[in-house]
Amino acid sequence: MAFIQKIEVIWRNVSLVQRALLIAIVLTFVIVGVLLTQWARRPDMRVLYSRLDPEEAAKVTDKISEKGIAYKLGGGGATIYVPKETVTQLRLDMAKEGLPGSSQQGYGIFDDEKIGISPFVQNVNLKRALQEELAKSIQMIDGVGHARIHIVTPENTLFASDSSRTSASVVLQLRPGYRLGPLNIAAITYLVAGGIEGLKSENVTVVDSQGRLLTRESDQAMAAGGAGTVADYTERVEQNLATKIEDMLTAVLGPGRAMVRVSAEIETISSTLSKITYDTGKAIPKTEEITTDSETEPGAVPAGGGAAAPGKKKTSEIILTDYMVPETTEQTVQLAGAIKSLTVAAFVDLSPPAPPEPEEGA
């Protein structure tokens, strides 16, 4: 009671402005306390599945709702978040139910095949199974999120034209931040060509989800040093650099908030530079020539005959030596295709991002 009386005395002695300030402080503490309490009770949401098809996401959320577990959707409904402590158990339960399943059945399409279907339907199912099996193999490549394959097979007739040939088209949906290099694209091309009878690699077309052609006949011409491909090579360099910059900006700003254009100047002339260096301080003898001259003076002959007395012998030597100076030869080859200069223009959207999607619970 004494404490309350002291508060009443203080309240009477303060002015109207001070009373309003005290009330505002008390309300602020109450609101902050309520928000902190709600935040502490809020479950730690973790990703259960991501990049799901709408049909599969609907089946998974139905099973989560039956268990009475709260969940949250993100990524346009393709990502499902659940409380951290339920992630492992839910994945096991979903796997038991066969979820999330893949819409690509492959050869599993023949598991429920009915008896008595026509040969035409069997051929169509066989083509569908082959397309889905190849697509699942391509999706194992790092960076490929989804793949679709379309196979065109000419009809086998007795008078088939030579122009009839098997062809295939591959559509790739790459994961954010990934880009396939020329070797990956070539691997996909030969993978599809090797899995389809009568299909050649040059008849396989690969495009991405943004409509960019990844396989071009000019690639082979450029690799062989063909003429007339400088503009095409320059375009690929500019597109490659622009894609890398956009991927970095997208990772920070979000999708659709950056646009980059690159202009490159490419060296089109190849050159070779040779440099020879001599080390005069380390001469090495190469050849040596020795010339010897001998001269003998005859001695006096004694009277009455007999052997001549020993004479005098003169010898002279001339030595000629040829020295070799060490040399070092350096050869630098600069091939065409080097980047001489770059001009980069970037447009970014720095406006505040859209508010997060509201939570949905079961």
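Just the heavy atoms: all of them, side chains too, but no hydrogens, waters or symmetry mates, feed the values below. Throughout, residue positions are numbered sequentially from 1 according to the sequence presented.
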Review point. Less than 4.5 Å apart, any side-chain heavy atom of P83 and any of M45?
Key: yes
Exercise for review: Find out whether Y49 and M94 are in side-chain contact, i.e. whether some heavy atom of one side chain is under 4.5 Å from a heavy atom of the other.
Suggested key: yes
Review point. What is the distance from atom CZ of R261 to atom CD of Q239, rounded to the nearest 0.5 Å?
Key: 9.5 Å
Check your understanding: So do L199 and I151 actually touch side chain to side chain, heavy atoms under 4.5 Å?
Key -> no
**Study point:** Reported NE2-to-CZ distance for the pair H146 and R148, which is rounded to 0.5 angstrom
**Key:** 6.5 Å
Review point. Looking at OG1 of T166 and CG of N203, how far apart are the two atoms once the value is rounded to the nearest 0.5 Å?
Key: 8.0 Å
Ignoring hydrogens and angles, write down the donor-acceptor pairs under 3.5 Å from the side chains of residues 339-350, residues two or more places apart or on other chains.
residue	atom	partner	partner atom	Å
S341	OG	E265	OE1	2.9
D349	OD1	S351	N	3.1
D349	OD1	S351	OG	2.7
D349	OD2	S351	OG	3.3

Review point. Can you tell me how far CD1 of I245 sits from CG of N240, rounded to the nearest 0.5 angstrom?
Key: 10.0 Å
Review point. Should L214 and I188 count as side-chain neighbours, where that means a heavy-atom distance under 4.5 Å?
Key: no
Revision key, fill the gap. Here the gap from T88 atom OG1 to D93 atom CG, rounded to the nearest 0.5 Å, amounts to 11.0 Å
Point to revise | Chi angles and distances behind the side-chain contact (heavy atoms from CB on, under 4.5 Å) call for L249, R257 | key: CA-CA 8 Å; L249 294 176; R257 299 172 64 88; over 6 Å; no
Point to revise | Qualifying residues under side chain to side chain contact (heavy atoms under 4.5 Å, CB included), relative to K96, sequence neighbours excluded | key: none
Check your understanding: Does any non-hydrogen side-chain atom of V170 lie less than 4.5 Å from one of V207?
Key -> no
Review point. Under 4.5 Å between side-chain heavy atoms, hopping through other hydrophobics if needed: is there a path connecting L16 to L22?
Key: no
Check your understanding: How about V206 and T189: do any of their side-chain heavy atoms sit closer than 4.5 Å?
Key -> yes
Practice item. State, yes or no, whether a side-chain contact exists between K67 and T86 at a heavy-atom distance under 4.5 Å. Key: no
Review point. Between V144 and N184, is any pair of side-chain heavy atoms under 4.5 Å apart?
Key: no
Review point. Which value, rounded to the nearest 0.5 Å, describes the distance between I138 atom CD1 and M140 atom CE?
Key: 11.5 Å
